[in-house]
Amino acid sequence: MAESPITPRAKDFATWYQDVVLQGDMAEPAEIVKGCMVIKPNGYAVWEVLQRELDQRFKATGHQNVYLPLLIPESFLKKEAEHVEGFAPELAVVTIAGGKKLEEPYVIRPTSETIVGHFFSKWIQSYRDLPMLINQWANVLRWELRTRMFLRTTEFLWQEGHTAHSSHEEALEEVVRMLHVYGDVAENVMAMPVIRGVKSRAEKFAGALQSYSIEAMMQNGLALQAGTSHDLGQNFGKAFDVQFQSKEGKLEYVWQTSWGVSTRLIGGLIMTHSDDKGLVLPPKVAPRKGVIVPIYRKEEERGPVMEAAEKLALSIGAHVDRRDGQTPGAKFFHWERQGVPVVIEIGPRDLAAGNVVLKRRDTGTKEVIPQDTLVAKFNETLDAMQTDLFAKARQRLADNTVTANSLEEVRAILDDVTAEKGGGKFVMAHLKDDPANDAMLKEFRATVRNIPLEDHYDGPGKCILTGEKVPQRVVIAKAY
RNA sequence: CGGGGCGUAGCGCAGCCCGGUAGCGCACCUGCCUUGGGCGCAGGGGGUCGCGUGUUCGAAUCACGCCGCCCCGACCA
């Protein structure tokens with residue numbers, strides 16, 4: 001594709017984000033389908049890495065994958081009052097199929113709790129069938145008013161775990177366990193620090209007793225909900241009659257959970273690490289960790305250089321940029337924009353000296369090293385970059401998290417923040433968990449992101465709105 | 001859905017106000033030459049000007065309608 005300049009973050013953060021996605025060849029707007037995007041090979045490869053990392057962890061915690069229908073009978077949605085109310089505005093409905101009007105319309109799944117409820121009721125009879133631990137990798141569709149690639153599109157890819165348990169305690173353990181799986185992948189794979197916490201009542205999932213989330217901070221200080229895990233209580237169990245016979249022989253409703261992360265993670269990844277030169281991918285999610293750019297001047301140099309390049313590539317599993325007619329300079333720019341962690345140059349001079357040149361994407365540092373140390377140095381550089389990216393992001397989170405002890409302070413901090421200007425903050429304040437209080441924050445377009453599990457900033461205090469004593473501070477921020 | 005911007009070659013744009021049959025840069029193709037951070041020169045291919053209707057002898061250009069994209073808000077993973 002044609003490669004244009006990237007708008008600097010400081011000038012226009014939203015445009016910068018778009019430029020990075022486009023220039024990194026991650027995705028593009030579907031254009032012919034409103035609100036949808038095409039995830040291109042580079043973007044999909046990152047998704048595959050995330051899928052693999054997550055799926056491994058799901059399996060390790062006892063879950064199995066299934067696939068459920070895309071179409072859900074409309075009546076299903078209505079069985080859980082709060083659920084239908086929450087999703088009704090964003091549903092797409094199929095009313096005609098096979099040339100005939102359907103007796104009962106289907107909705108295209110916005111999520112699968114209802115259809116899971118139906119099948120759980122078929123599959124579960126006894127406590128021996130519990131816990132039931134399933135997950136599905138799927139697409140879902142929500143008619144969004146405003147879309148941004150990866151962050152919010154009408155159709156997106158995600159994973160939704162659904163589990164049923166015999167007790168609330170066990171279900172809650174599951175909810176928290178999966179929240180920590182998400183936190184682990186976010187921090188240790190994506191190098192994206194997150195705050196694990198409980199959603200406020202106003203922000204919880206429609207139909208859940210309680211929702212948990214991991215919240216990340218983007219480079220402009222805005223929050224991104226990067227994953228959610230819900231305690232569904234017995235709400236869907238009751239709506240879909242999911243009962244089991246206990247050891248004691250009593251019929252009881254199951255306790256369910258659901259949890260999900262989506263392709264939105266890729267948006268978070270981009271807005272956490274990338275810079276004005278383009279995409280920056282932490283080594284652990286980079287589909288291509290290293291690329292070798294061969295350099296030769298004369299035709300007789302070409303053979304030996306290519307040979308050395310191929311051999312080195314094999315030793316570290318790197319890709320050789322064999323394209324002819326492209327100058328090395330053009331190739332460097334190309335791979336830089338693709339976020340490749342390490343680019344290795346090898347030319348006649350290196351060949352003569354037995355060296356290679358190693359360039360690290362995030363710091364831009366170049367190092368000349370002996371060829372026989374490449375494997376070690378390459379891996380070491382990847383590790384260092386992974387560690388440094390996380391440290392840098394964590395520092396940014398710390399630097400932009402502040403405390404406030406009154407509504408006025410919160411306002412002063414958040415009032416003038418927009419996505420364009422950047423400079424958003426996470427404000428830690430005491431606030432009672434009451435939807436009426438969340439509503440007060442709307443005035444400056446902020447929301448309660450979550451109530452952290454780890455007590456980041458002191459203990460109990462007085463609610464900045466009502467003066468009531470509350471156990472801890474909550475995270476207030478503007479969000480995507 | 002409200003406000004703003006935009007839609008002309010694969011990409012970025014000019015032309016539109018003042019109607020006369022489409023141009024520039026990059027990319028692409030051919031040849032030569034080059035290659036350690038976006039090589040150069042020469043030649044060449046490619047567009048029913050987002051869609052529709054209307055006004056006109058004639059519409060990229062004017063009018064009306066529609067569609068899509070981006071930004072800002074309300075809604076949301």
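A note on names: the letters A, B, ... follow the listed sequences, proteins ahead of strands, and every chain is numbered from 1.
- For T153(A), the side-chain contact (heavy atoms from CB on, under 4.5 Å) test picks out M37(A), F156(A), with sequence neighbours left out.
- When the C1' atom is used for both rG73(B) and rC62(B), the distance is 33 Å, rounded to whole Å.
- We find that CG of L151(A) is positioned 14 Å from C1' of rC70(B), with the value rounded to whole Å.
- Partners of D276(A) according to the salt bridge (Lys or Arg N to Asp or Glu O under 4.0 Å) rule, which considers only residues two or more places apart in sequence or in another chain, are R9(A).
- For R445(A) and rA74(B), the CZ to P distance is 5 Å, given to the nearest whole Å.
- To the nearest whole angstrom, the two P atoms, one in rA63(B) and one in rG7(B), are 15 Å apart.
- Listed by residue number, the members of residues 177-187 of chain A with any heavy atom below 4.0 angstrom from RNA chain B form an empty set.
- Comparing E144(A) and M149(A) against RNA chain B, the residue whose closest nucleotide sits nearer the 5' end is M149(A).
- When heavy atoms are screened at a 4.0 angstrom cut-off, T153(A) is found touching base atoms of the nucleic acid.
- Across all strands shown, rU35(B) forms no Watson-Crick or G-U wobble pair with both key distances under 3.5 Å.
- Checked against rC75(B), rG68(B), rG38(B), the side chain of A330(A) finds its nearest nucleotide in rG38(B).
- Remark: C1' of rG12(B) and CG of L22(A) are 12 Å apart, rounded to the nearest angstrom.
- For the C1' atoms, the distance from rU61(B) to rC29(B) is 33 Å, rounded to whole Å.
- With sequence neighbours excluded, the residues satisfying side-chain contact (heavy atoms from CB on, under 4.5 Å) with T147(A) are E144(A), T154(A).
- The side chain to side chain donor-acceptor pair (under 3.5 Å) search around E443(A) returns R411(A), not counting sequence neighbours.
- Taking atom CG of L141(A) as the reference point, atom P of rA77(B) lies 15 Å away to the nearest angstrom.
- Rounded to a whole angstrom, the distance from the P atom of rC18(B) to that of rA22(B) is 23 Å.
- Look at rC1(B): its Watson-Crick or wobble partner, with both distances under 3.5 angstrom, is rG73(B).
- Here D362(A) pairs with R360(A) under the salt bridge (Lys or Arg N to Asp or Glu O under 4.0 Å) rule; sequence neighbours left out.
- RNA chain B is contacted by both W158(A) and Q18(A); Q18(A) maps to the nucleotide lying nearer its 5′ end (nearest heavy atom per residue).
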Please enumerate all protein N or O atoms sitting under 3.5 Å from an N or O of nucleotides 30-36 of chain B, with distances to 0.1 Å.
from, atom 1, to, atom 2, distance (Å)
rU35(B), OP1, R297(A), NH1, 2.7
rU35(B), O2', Y296(A), O, 3.1
rU35(B), N1, Y296(A), O, 3.4
rG36(B), N7, R349(A), NH1, 3.3
rG36(B), O6, G347(A), O, 3.4
rG36(B), O6, P348(A), N, 3.1
rG36(B), O6, R349(A), N, 2.4
rG36(B), O6, D350(A), N, 3.2
rG36(B), N1, D350(A), OD2, 2.3
rG36(B), N2, E345(A), OE1, 3.4
rG36(B), N2, D350(A), OD2, 2.8

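- Look at the C1' atom in both rC51(B) and rU35(B): the space between them is 47 Å, to the nearest Å.
- Across all strands shown, rA22(B) remains unpaired; no Watson-Crick or G-U wobble contact has both distances below 3.5 Å.
- Rounded to an integer number of Å, the gap from E28(A) CD to rG68(B) C1' is 14 Å.
- Heavy-atom distances under 4.0 Å link RNA chain B to S262(A), R264(A) of residues 260-272 of chain A, given in residue order.
- Here the C1' atom of nucleotide rC71(B) and the CH2 atom of W16(A) are 17 Å apart, to the nearest Å.
- For K442(A) and rC75(B), the shortest distance from a side-chain N or O to OP1 or OP2 is below 4.0 Å.
- Comparing rU56(B) with rA60(B), their C1' atoms are spaced 16 Å from each other, to the whole Å.
- By the side-chain contact (heavy atoms from CB on, under 4.5 Å) test, L453(A) pairs with L179(A), H180(A), R196(A), V198(A), Y212(A), sequence neighbours left out.
- Below 30°, between 30° and 60°, or above 60°: for H230(A) and F205(A) the angle between ring planes is below 30°, a parallel geometry.
- A distance of 6.0 Å or more separates the ring centres of F120(A) and H162(A).
- Summarising the geometry, the separation between CH2 on W47(A) and C1' on rA77(B) is reported as 11 Å, rounded to the nearest angstrom.
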All N/O donor-acceptor pairs, side-chain side in residues 300-308 of chain A, below 3.5 Å, sequence neighbours left out:
from, atom 1, to, atom 2, distance (Å)
E301(A), OE1, R297(A), N, 2.6
E301(A), OE1, K298(A), N, 2.8
R302(A), NH1, D324(A), OD2, 2.8

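- Aromatic pair W158(A)/W47(A): ring centres not closer than 6.0 Å.
- R396(A) pairs by the side-chain contact (heavy atoms from CB on, under 4.5 Å) definition with Q219(A), T272(A), A393(A), N400(A), not counting sequence neighbours.
- One P atom belongs to rA14(B), the other to rG5(B), and the distance between them is 15 Å to the nearest Å.
- rC28(B) is paired with rG44(B) under the criterion used here, namely a Watson-Crick or G-U wobble arrangement in which both key atom distances are under 3.5 Å.
- Rounded to whole Å, the distance from CG on D19(A) to P on rC71(B) is 11 Å.
- Taking the side chain of T147(A) as heavy atoms from C-beta on, and the options rC70(B), rC75(B), rG68(B), the nearest nucleotide is rC70(B).
- Using the Watson-Crick or G-U wobble rule with both distances under 3.5 Å, rC51(B) pairs with rG65(B).
- T7(A) pairs with exactly one of D19(A), D12(A), T15(A) by the side chain to side chain donor-acceptor pair (under 3.5 Å) rule, that one being D19(A).
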Show me, pair by pair, the donor-acceptor contacts under 3.5 angstrom made by side chains of residues 286-294 of chain A, not counting sequence neighbours?
from, atom 1, to, atom 2, distance (Å)
K289(A), NZ, P283(A), O, 3.1
K289(A), NZ, A286(A), O, 3.3

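- rC28(B) sits 9 Å from rG45(B) when the C1' atoms are compared, rounded to a whole Å.
- Of the possible donor and acceptor atoms, one in the side chain of Q371(A) sits under 3.5 Å from a partner among the backbone N and O of N355(A).
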